Amino acid sequence: MDYNFHEIEKKWQKYWEDNKTFKTPEDLTNPNKCYILDMFPYPSGAGLHVGHPEGYTATDIFSRYKRMKGFNVLHPMGWDAFGLPAEQYAIQTGTHPSITTKNNCDTFRRQIKELGLSYDWDKEINTTDPKYFKWTQWIFIRLYNTWFDDKLQKGRPVSELHIPKELTGSDKTKYIDSKRLAYYANAQVWWCPSCRIVCANEEVLTDGSHEKCGNRVEKKNLKQWMLRIQLYAERLLKGIDSLEWPEGIKDMQRNWIGRSTGAEVDFKIDGLNENLRVFTTRPDTLFGATYMVIAPEHPLTGIITTDDHKNSVNDYIKATSLKSDLDRTDLAKDKTGVFTGRYAVNPVNKKLIPIWVADYVLTGYGTGAIMAVPAHDNRDFEFALKFKLPIVCIQDPDVSDHDQKKRILEGKECWTEDGKYINSSDKLTGIDINGLNKEAGIAQITSWLEAGNLGTAKINYKLRDWLFSRQRYWGEPFPVIHWEDGEITLMNDNELPLELPKLEKYLPGESGESPLSNSDEWLNVTDKNGRKGRRETNTMPQWAGSCWYYLRFIDPKNDEVIFDVAKEKYWMPVDLYIGGAEHAVLHLLYSRFWHKVLSDLGIVSTDEPYRRLFNQGMILAFAYETESGSKVSGDLVEERENKYFHKETGAELRQIVAKMSKSLKNVVNPDDVTSKYGADSLRLYEMFMGPLDVTKPWDDKGVKGVFGFLGRAFRFMSSPENITSGAEDPEILKSLHYTIKKAEGDIETLRFNTAISQMMIFINLANKKGKVTLETANTFTKVLAPFAPHAAEELWSLLGNKNSLAYEPWPLFNEEYLKEDNFDYPVSFNGKTRYNISLPVNMLKEEIIKIVLADERSQKWLGGNTPSNIIVVPCRIVNIVIKN
RNA sequence: GCCCGGAUGGUGGAAUGGUAGACACGCAGGACUUAAAAUCCUGUGACCAUUGCGGUUGUGCGGGUUCAAGUCCCGCUCCGGGUACCA
């Protein structure tokens, strides 16, 4: 029978929808549950990209397989629909973002349904739905009302916070606010004065201009909501160990959190009654500290700078405000800095060392000031050379090259490896670490600092607090009111959701405020005593909705509580989470942070949200460029003998692999693929392209390969003359059982490409043999089902079965059929395979050696030599070693 | 810059330290066809040899460990992702 995928796919999609085949089981007694989650998409106006179905097909295969294995499966889909594009479209056209968003969601839903993905659509959610973001606001209120107990390493309700008795009134409020996980503070943002809008970092080009208008952006301080994620750094770090995540992603999270142990050291400032505190991971190198550097934004900069240096320092600060952090800390860039005219006292030897201002020191990390040890730090060394600052070597370099050693000792070369301390003692202060190694040195100096009240051991994290507000319209409003007397209050739970007002114009306000400030009616409130207040005009970042959506999927229609406790307990944690590697740090870290807070408050039952994570690779596409690098649209390219030519100019083109983009005209629309080859082929191709986690280029021609396979499989299995009764051919039986085993193992480890190639091998064999039994046909159909569900359902019914095969038990494989009597040993000489010999699998090594040495082919390769060694690895290899 | 990942035929890729190139695309030849498409069959890393057998070489570059390295270790090159307001 012909493989009429159009008809088959329509038929089964309707069947699944009509029968609610993939409705999540209500029964919470089955101990085998599996929560399989995709990173839900931002529904862009461009519609589904072929990158989306990659992850979605992977989770779909896994879900269908788990159902066949008897698991209760939760597999939902929804929309992360707040975001910039809808807002920008609203600014241009006046169309309300909710309309744009609804249209985009409708397109996405239709496209996803056409792929035959087994989502439970009753669980669909949308982050922009007030019924959803009511609970996002509810969580914000929880964050606001939580403080972090350092001793217990746990978030606790503010009602349990011990407040010192002497604090009253605004001091008390200040104290509590300083403990809340959500706080209101000044933060720096990029600001484009000509667009009057806050810019994302990625909108700011390297020359400091705004991508959209080309004008210079500047840094601006705005009052912003921040979340104290830093307090959870240790918990977030420790939690990583328990996760079944790719090691690379775990490393990225660890490095992002950036824990380092060291000390905070106070340096007296000469001539002022002030201390300059630095954080250093190497307090042991204090003797090598020959100058200090503070960030331009450091609060002491103005105080420290002497009058005759004021002008140069002020100019420098101005210049810095135009640079990004990335620019500032770029090691390849020339170091800049200015002297403040002031000196500090090095606590270990009382020497006066100059204090400089330089932008390679950032306020956000450590204390915003460093001690510089140029002899043993590349950055400090470069800076010292440029500004002719002293360089004192304090570690004996372990190098054999005499000249190099001399250069290092004289401070003419930087030594960043370890070495025993030299020049590290002082009679006056009584400290001496000469001859010690690094660990001992750090320990001794730290305890000396602590004893003298000059510093303390300190753990520092790179992780910064999370800037949690945006000056935008299309986001969750904060349930916050700022009152005229300066008080800030949050709305009550029963007043939620706070919805967005309808606006005429979506342009931002004059001073960089969000467009919400234009809506007087919404903005201004009065309490029962006549006190006037103003709502928070910032909105939450897009992360807010995606931080906890996996929890709402469990019970998405519940209007009483955020989710049912019993359901949460049953379904959490997420057993498999698949999405792009671009979310390796931010989304996953923020989400884990919220989860831990919710866990501390007893709202969720697990400590981590995502037990197993997998990152799919990006799908790229071929693009073409001329010799000079200008891009040529794909429809103007002609291929001849593996070379590419411009159809019009005839010039030879280079084939490159690049992200799909409109400008390269290499975007592949999934709709085109499904209409030409069907959804099953699209699914199968995306899985067959290569390993799920690698970046790979789309190739239309590749779809033909899997389409051919599906057609062959379908035609073979659906032709009654190919289906026989009686005993199965042993070769078929062996291949079938190997296919079951391979598919099962490969699905568990998400290596779908090799599972598919094994199914191809089986079908090639079946075609060659021409006949299989009904049982074999049924079994193969079940193995195919998670991958190509429409074709499999149709075959299942053509083979005479009733109902869907979605819940048919996954076939068991029988090892007996896989056993071999003989193994075809490769015989190699000095590691090079020369010939093969088939021997019984259970033959002893001695016997194998005897037979191999007696073989005339061995005699030829030995050439009269006696082997010096013979390696026999059972059922693997024979290697004969000859020494010359 | 920093963190993470990657590099294997013309192409996508396969390979628990044990026969490199499974499977698929493409290409070449053949069958079917008036012809084309579709389908089916055969061949296909490179080089040398060739009637046939065969041989040499080969996994980005340079070293190392091992009986044996695509795989492990050290040092590079190039490409991709992230870099905190794209999500």
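Side chains included, hydrogens not; waters and symmetry mates left out as well; all remaining heavy atoms used. Small disclaimer: the values here were computed from a predicted structure and weren't measured.
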Under 3.5 Å, which donor-acceptor pairs do the side chains of residues 759-768 of chain A form with other protein atoms, sequence neighbours left out?
from, atom 1, to, atom 2, distance (Å)
A:N764, ND2, A:M760, O, 3.4
A:N767, ND2, A:I763, O, 3.4

Inset, instruction - Please state how far atom CG in A:L692 lies from atom P in B:G5, giving the value in whole angstrom units. - result: 17 Å
Inset, instruction - Starting at atom CG of A:N869, determine the distance to atom P of B:C67, rounded to an integer number of angstrom. - result: 8 Å
Inset, instruction - Starting at CD1 of A:I877, measure out to CZ of A:F823 and round the result to the nearest 0.5 Å. - result: 8.5 Å
Legend entry - N/O (side chain, A:R464) to phosphate O (OP1/OP2, B:A84) under 4.0 Å: no
Inset, instruction - Report yes or no: do A:Q471 and A:N538 form a side-chain donor-acceptor pair below 3.5 Å? - result: yes
Inset, instruction - State which residues pass side chain to side chain contact (heavy atoms under 4.5 Å, CB included) with A:N4; sequence neighbours excluded, sorted by chain then number. - result: A:H6, A:E7
All N/O pairs under 3.5 Å across the protein-nucleotides 73-77 of chain B interface:
none

Legend entry - Side-chain donor/acceptor of A:E247 to base of B:C4, under 3.5 Å: no
Legend entry - Nearest-0.5 Å distance, CE of residue A:M687 to CZ of residue A:F752: 6.5 Å
Inset, instruction - Return the set of residues passing side chain to side chain donor-acceptor pair (under 3.5 Å) with A:Y56 (not counting sequence neighbours), or none when no residue passes. - result: none
Legend entry - Candidate nucleotides B:C85, B:A84, B:C40, ranked by approach to the side chain of A:Q471 - the nearest: B:C85
Inset, instruction - Go through the structure and list residues passing salt bridge (Lys or Arg N to Asp or Glu O under 4.0 Å) with A:R592, not counting sequence neighbours. - result: A:E608
Inset, instruction - Consider the side chain of A:Y590, meaning its heavy atoms from C-beta on, and name the nucleotide among B:C67, B:C85, B:C3 that approaches it most closely. - result: B:C85
Collect all protein-nucleotide pairs involving nucleotides 56-60 of chain B in which both atoms are nitrogen or oxygen and the distance is under 3.5 Å.
from, atom 1, to, atom 2, distance (Å)
B:U56, OP2, A:R834, NH1, 2.9
B:U57, OP2, A:K832, NZ, 3.1

Sort me out a list of protein N/O and nucleotides 17-24 of chain B N/O pairs below 3.5 Å, or just none if empty.
from, atom 1, to, atom 2, distance (Å)
B:U19, O4', A:T833, OG1, 3.3
B:U19, N3, A:N836, ND2, 3.1
B:A24, OP1, A:N764, ND2, 3.0

Legend entry - Qualifying residues under side chain to side chain contact (heavy atoms under 4.5 Å, CB included), relative to A:R857, sequence neighbours excluded: A:Y835, A:I837, A:D855
Legend entry - Pairing residues for A:L586 by the side chain to side chain contact (heavy atoms under 4.5 Å, CB included) criterion, not counting sequence neighbours: A:W256, A:W543, A:Y590
Legend entry - A:K696 side chain, from C-beta outward: closest of B:G80, B:G12, B:C67: B:G12
Inset, instruction - Tell me, please, which residues at least two apart from A:P867 pass side chain to side chain contact (heavy atoms under 4.5 Å, CB included). - result: A:L853, A:L862, A:I870, A:I880
Inset, instruction - Could you give me the stems involving RNA chain B, meaning stretches of three or more consecutive Watson-Crick or G-U wobble pairs whose two defining distances are both below 3.5 Å? - result: B:1-7 with B:77-83, B:10-12 with B:23-25, B:26-31 with B:39-44, B:45-48 with B:54-57, B:60-64 with B:72-76
Inset, instruction - With syn defined as a glycosidic angle within 90° of 0 and anti as everything else, classify B:G9. - result: syn
Legend entry - Among A:H49, A:R683, A:K696, side chain to side chain donor-acceptor pair (under 3.5 Å) partner for A:E54: A:K696
Inset, instruction - For A:D746, check salt bridge (Lys or Arg N to Asp or Glu O under 4.0 Å) against everything at least two apart and list the hits. - result: A:K742, A:R751
Inset, instruction - Measure from the side chain of A:L467, starting at C-beta and using heavy atoms only, and say which of B:G13, B:C3, B:C85 lies closest. - result: B:C85
